[in-house]
Amino acid sequence: MERQRAKIIGIARHRLSTDGDGVTTLVAFHGCPLRCRYCLNPQSLGDGGRFREYSLEQLYTETRIDELYFIATNGGVTFGGGEPCLRPDFIRHFRELCGESWQINLETSLNVPADNIASLLPVVNTLIIDIKDMNPEIYRNYTGRGNSIVLPNLRLIANSGRQSDCIIRIPLIPDFNTDADREISRKALEDLGFTRFDLFTYQIRKH
């Protein structure tokens, strides 16, 4: 496992109930398949040469400092990015290191191959899914990529009975979708059995 390494753009400790239950450490990977117009972590795109590359053991050592907080609050590590589901093997082997006492969460767009999601479901507690919008045209206009593989991944999660372990973020994105679009997205997701939604509005900074 020592040979497995991943570029990390940032590690944020002591996050409380923002990336899953309890106290969490957010670990953000470099790399993402999307090119969102209002990307919150643009450093995850492009050249990753300036970011540190971690082995599994190095990342475990750095996050283990907060293990008492994780266990006491039912918290753990949330993998974000970028897109963490591009690194399924790394995350699965990290679970082997930390054991079952930590919560492992993912912040993901689900815009990755289905095999990636299937391999992660057994080791992940919560999926925080940034769905953008279910409408393919709105999605492509905003992200620069289609969402044709997102719906099958949602069905995969639903067929696994994991809907209650998902928090689905449906943003109102200025100039890209409307409240009516967002309601259509929520209804489609409810039809798949999802019940936990985070509805919010992107705050666009004007320069």
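Keep in mind the model is a prediction, meaning the values are calculated, not measured.
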*Taking atom types as modelled, is there a side-chain donor on N177 or D133 under 3.5 Å from an acceptor on the other?*
yes

*asked:* In terms of relative ring orientation, are Y202 and Y142 parallel, tilted or perpendicular, with 30° and 60° separating the classes?
replied: tilted

Non-neighbouring partners of [X] that pass salt bridge (charged side-chain N to carboxylate O under 4.0 Å, His left out), sequence neighbours left out:
| X | result |
| --- | --- |
| R186 | E183 |
| D179 | R182 |
| D21 | none |
| E83 | none |

Any donor-acceptor N/O pair, [X] side chain to [Y] backbone, under 3.5 Å:
| X | Y | answer |
| --- | --- | --- |
| S160 | R162 | no |
| T78 | D19 | yes |
| N41 | Q43 | no |
| N125 | N105 | no |
| S185 | M134 | yes |
| E67 | R64 | no |
| H30 | G46 | yes |

Kindly compute the distance separating [atom1] ([X]) from [atom2] ([Y]), expressed to the nearest 0.5 Å.
| X | Y | atom1 | atom2 | answer |
| --- | --- | --- | --- | --- |
| N147 | N153 | CG | CG | 11.0 Å |
| S109 | E107 | OG | CD | 11.5 Å |
| C85 | I91 | SG | CD1 | 6.0 Å |

Kindly give the heavy-atom pair with the smallest separation between [X] and [Y], and that separation in Å.
| X | Y | value |
| --- | --- | --- |
| R95 | Q103 | NH2-C, 4.4 Å |
| L26 | G80 | CD1-N, 4.1 Å |
| R92 | D89 | NH2-OD1, 2.6 Å |
| L56 | F90 | CD2-O, 3.1 Å |
| P152 | S148 | CD-O, 3.1 Å |
| A118 | L156 | N-CD2, 3.8 Å |

*asked:* F79: which residues meet the ring-ring contact (aromatic ring centres under 6.0 Å, His included) condition with it, sequence neighbours left out?
replied: F29, F94

_Contacts of type ring-ring contact (aromatic ring centres under 6.0 Å, His included), residue Y54, not counting sequence neighbours_ = none

Side chain proximity check, [X] to [Y], heavy atoms < 4.5 angstrom:
| X | Y | result |
| --- | --- | --- |
| H93 | Y60 | no |
| D130 | P171 | yes |
| V77 | L59 | no |
| I8 | R52 | no |
| I129 | T108 | yes |
| D175 | R37 | no |
| I170 | L189 | yes |
| I117 | I157 | yes |

Under 4.5 Å between side-chain heavy atoms, chaining through other members, with only Ile, Leu, Val, Met, Phe, Trp and Tyr counted: pull out the rest of the cluster around [X], sorted by chain and number.
| X | answer |
| --- | --- |
| I71 | none |
| F51 | I9 |
| L45 | none |

*Got a sec, which residues hit side-chain contact (heavy atoms from CB on, under 4.5 Å) with Y69, two or more places apart in sequence or on another chain?*
H14, V23, D66

Acceptor/donor pairs from residues 190-201 side chains to any protein atom, 3.5 angstrom cut, sequence neighbours excluded:
{"residue": "D191", "atom": "OD1", "partner": "K187", "partner atom": "NZ", "Å": "2.9"}
{"residue": "D191", "atom": "OD2", "partner": "K187", "partner atom": "NZ", "Å": "3.3"}
{"residue": "R196", "atom": "NH1", "partner": "S164", "partner atom": "O", "Å": "2.8"}

_salt bridge (charged side-chain N to carboxylate O under 4.0 Å, His left out) contacts in which one or both residues fall within residues 109-126, not counting sequence neighbours_ = none

When hydrophobic residues are tied together by side-chain contacts of less than 4.5 Å, even through go-betweens, does [X] share a cluster with [Y]?
| X | Y | value |
| --- | --- | --- |
| L151 | V112 | yes |
| L120 | I128 | no |
| W102 | L121 | yes |

